[in-house]
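Notes follow once the structure below has been shown.
Labels below follow one simple rule: chain letters A, B, ... track the order of the sequence lines, proteins then strands, and each chain is numbered from 1. Any value given below was found using the heavy atoms of this structure, including those in side chains, with hydrogens, waters and symmetry copies removed.
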Amino acid sequence: MASSTSGLTFKLHPLVILNISDHHTRVKSQSQRPSSNCGDSAASSNSSAPVASRVYGCVIGVQTGRTVEIFNSFELLYDPNTHSLDRSFLEKKQELYKKVFPNFYILGWYSTGANAEESDMHIHKALMDINESPVYLLLNPLINHAQKDLPVTIYESEMHVIDGVPQLIFVRSSYNIETVEAERISVDHVAHLKPSDGGSAATQLAAHLTGIHSAIKMLNRRIRVLHHYLNAMQKGEIPCENSLLRQVSSLLRRLPAIESEKFQDEFLMEYNDTLLISYLAMFTDCSSTMNDLVDKINVAYDKHSRRGGRTSFI
Amino acid sequence: MDIELKQSEHIDHFVKQASITTDSSSSLANVIIEATSHPSLFAFSEILSVPNILQLQGTDNSAYFDLLQMFAYGTWSEYKSKASNLPQLTPDQVLKLKQLTMLTLAESNKVLSYDVLLHELDVGNVRELEDFLINECMYVGIVRGKLDQLRRCFEVQFAAGRDLRPGQLGNMIHTLSDWLGTSDGLLITIQDKMKWAETMSEKHKKHQKKTEKKLEQAKNTLSLKKLPTISRPTWTPKNMGFYRNMMD
């Protein structure tokens, strides 16, 4: 697949990715449950092959000059008979969105799958009357642990001459992820999923420490690489590269990063505060337990010293 | 490190020029003067390693070679002590040497007092010093830090690297291995802490279970036997009720 030549820069908001993956997950879970309920052997053999059906939808956003910014998306129904998306629904949704976000236009459509297919071109052409050059966003729902990037690709359509026939084909484009402050908070929240019941104090501490541990491990790995490189340079295996050496020396000069008096003072103050608060909490806990115990003893033993008296003091 | 990016073009340019001019050592001297007065060039070891320049050592213009070395490794005070052997400096070169002195000072301490700076840089008063620091060092980008006027010091957060003398590489490797050792130790400490947290929570759970078991046993034994009551035996059912409440 050739790469795009239109020179447009694409900016993708994480909300779109979450919407598409949510749509896909919902459809997948809804399609699996009814088939597991009918204990038919034919149905179960059909549902045992995990063929996830493709989901379709529309992406909307703003296009200013050469920058295309995709903000939001919504789902559409795909009619397999006519190989097209539900037009009336699309127009109704477009009207509704226009009322809330007057700036947003329909920029294109999305779908899930591993590769772009020929049938997608039909849908693409159908959308070309709303937007003369729509974008096609493809999300690959298969989880590939080796892959470091997001499984999202953006395709544009271009007219290429193939075998003497001018045809519209999909060409890939690159994109950047762009976030607003609110989106960054929610993405951060999703990234740090904690166990839902909160766990005991030990599990929370363990989760926190694990985060720190992995961060320091990454730093450690990188320092090790530098160390190895410098050693090799000293032994003469690698020719000396002065600019790199200068950068490393300026980096090392920043260590120790925090060692002024002010830091020590503030650190110790905060440490003492934390210890004080936990001591205080322990105190309160102990005194409330003592109080309960005293009440019970009163109830149990005090009554024999007074006639008919159920009340106790302390 | 954007300084390095900015410098790399100039370095290439001067290295090319130095290798091209083979005719006379005076033109090489001119190249050196140009390089040392260039406002954005702070790295000279590449130029020092060009063979034409190295040849300059033996000839009449070896003073220029010493000058280049001074700019690569030395400071303003070193220049002043050897001023008789070295050629005169233009104001551009003086400025550059002072900037490089700044970088060397930032190597040793992170907090530089104004007095030290006034002395090393030969500046008259604090106002000129601050102007020099702000305009020539921070806006150029070789140094980043905070000026503390109350305590009359300059805290360095980042300083660009100078050319390395051959011996300094060993120090850097030593520092790196220390850093590596510290972070390894820290990783082990964190892992130990996590294991400690787990074992403590296990112990706590076990302790809770034990006490609950004891409680159950006590309840069972009490409900089985008839207790010798402390108070009036006529209130036996209520006694049992109170004892049960206490156990709960």
Side-chain angles (χ1 to χ4, degrees), chain A residues 199-231 233-234 240-261 293 295-301 303-305 307 310, chain B residues 1 3-5 7-8 11 42-46 48-49 103 106-108 110-111 155-164 168-173 175-180 183-184 186-187 190-191 193-195 197-202 204-205 229-232 235 242-243 245-248:
Chain A
S200 60
T203 49
Q204 279 182 339
L205 180 65
H208 184 243
L209 284 178
T210 320
I212 300 183
H213 179 87
S214 35
I216 298 188
K217 200 159 158 190
M218 250 205 304
L219 180 68
N220 194 354
R221 223 182 292 156
R222 306 221 169 124
I223 303 173
R224 205 179 291 274
V225 166
L226 269 181
H227 181 75
H228 190 71
Y229 184 71
L230 282 194
N231 264 330
M233 217 189 258
Q234 194 182 37
C240 277
E241 200 184 309
N242 280 306
S243 105
L244 215 77
L245 284 176
R246 280 194 291 271
Q247 286 180 18
V248 173
S249 79
S250 98
L251 176 71
L252 290 179
R253 251 180 266 148
R254 294 184 71 172
L255 303 172
I258 306 181
E259 211 189 79
S260 60
E261 249 179 58
L293 182 62
D295 283 342
K296 285 172 187 166
I297 293 180
N298 277 338
V299 162
Y301 288 111
K303 60 174 208 40
H304 70 272
S305 62
R307 296 191 66 89
R310 298 280 184 277
Chain B
M1 307 269 184
I3 303 282
E4 294 298 327
L5 290 173
Q7 285 188 110
S8 57
I11 296 179
F42 295 97
F44 302 101
S45 40
E46 282 93 347
L48 261 181
S49 48
L103 289 180
E107 257 179 62
S108 35
K110 289 185 73 181
V111 175
E155 294 178 12
V156 183
Q157 283 162 356
F158 159 77
R162 280 195 78 174
D163 300 306
L164 285 180
Q168 283 177 308
L169 188 58
N171 279 348
M172 282 188 2
I173 296 183
T175 317
L176 266 180
S177 42
D178 280 345
W179 196 8
L180 209 55
S183 61
D184 281 335
L186 195 60
L187 281 176
I190 293 181
Q191 272 176 332
K193 260 280 175 297
M194 287 202 283
K195 270 186 232 154
E198 267 177 73
T199 41
M200 288 307 281
S201 80
E202 289 271 341
H204 184 71
K205 275 189 210 152
T229 51
I230 308 170
S231 58
R232 290 144 219 182
W235 290 2
F242 281 123
Y243 277 121
N245 275 343
M246 187 167 80
M247 285 307 149
D248 285 346

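Scanning for salt bridge (charged side-chain N to carboxylate O under 4.0 Å, His left out) contacts around Glu198(B) gives an empty result, with sequence neighbours left out.
When all heavy atoms of Ile223(A) and Ser183(B) are compared, the pair lying nearest together is CD1-OG, 4.4 Å. Considering all non-hydrogen atoms of both residues, Ile173(B) and Leu230(A) come closest at CD1-O, 3.6 Å. The two residues Asp163(B) and Arg246(A) come nearest to each other via the heavy atoms OD1-NH1, 2.7 Å. A pairwise comparison of heavy atoms in Gln234(A) and Gly170(B) identifies NE2-CA, 3.7 Å as the closest pair.
To the nearest 0.5 Å, the span separating CE on Met200(B) from CG on Leu205(A) amounts to 11.5 Å. The CG atom of Leu180(B) sits 10.0 Å away from the CG atom of Leu226(A) when rounded to the nearest 0.5 Å. Considering CH2 of Trp179(B) and CG of Leu251(A), their distance stands at 5.0 Å, rounded to 0.5 Å.
Contact of Ala159(B) with chain A is made through backbone and side chain together, with heavy-atom distances under 4.5 Å. Looking at Asn171(B), there are no atoms closer than 4.5 Å to chain A (heavy atoms on both sides), in backbone or side chain. Of the atoms belonging to Leu103(B), it is backbone heavy atoms, and not side-chain ones, that fall under 4.5 Å from chain A.
Taking the charged nitrogens against the carboxylate oxygens, Asp184(B) and Arg224(A) do have a contact shorter than 4.0 Å, which makes a salt bridge.
Ranked by non-hydrogen atom pairs under 4.5 Å with chain A, the options Ile190(B), Leu187(B), Val111(B), Thr175(B) are led by Leu187(B). Comparing Glu155(B), Met194(B), Lys193(B) by how many heavy-atom pairs each has under 4.5 Å with chain A, the most go to Met194(B).
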**OP:** Take Met172(B) and Leu245(A) through the side-chain contact (heavy atoms from CB on, under 4.5 Å) test and state the conclusion after the steps.
**Re:** CA-CA 9 Å; Met172(B) 282 188 2; Leu245(A) 284 176; 4.0 Å; yes

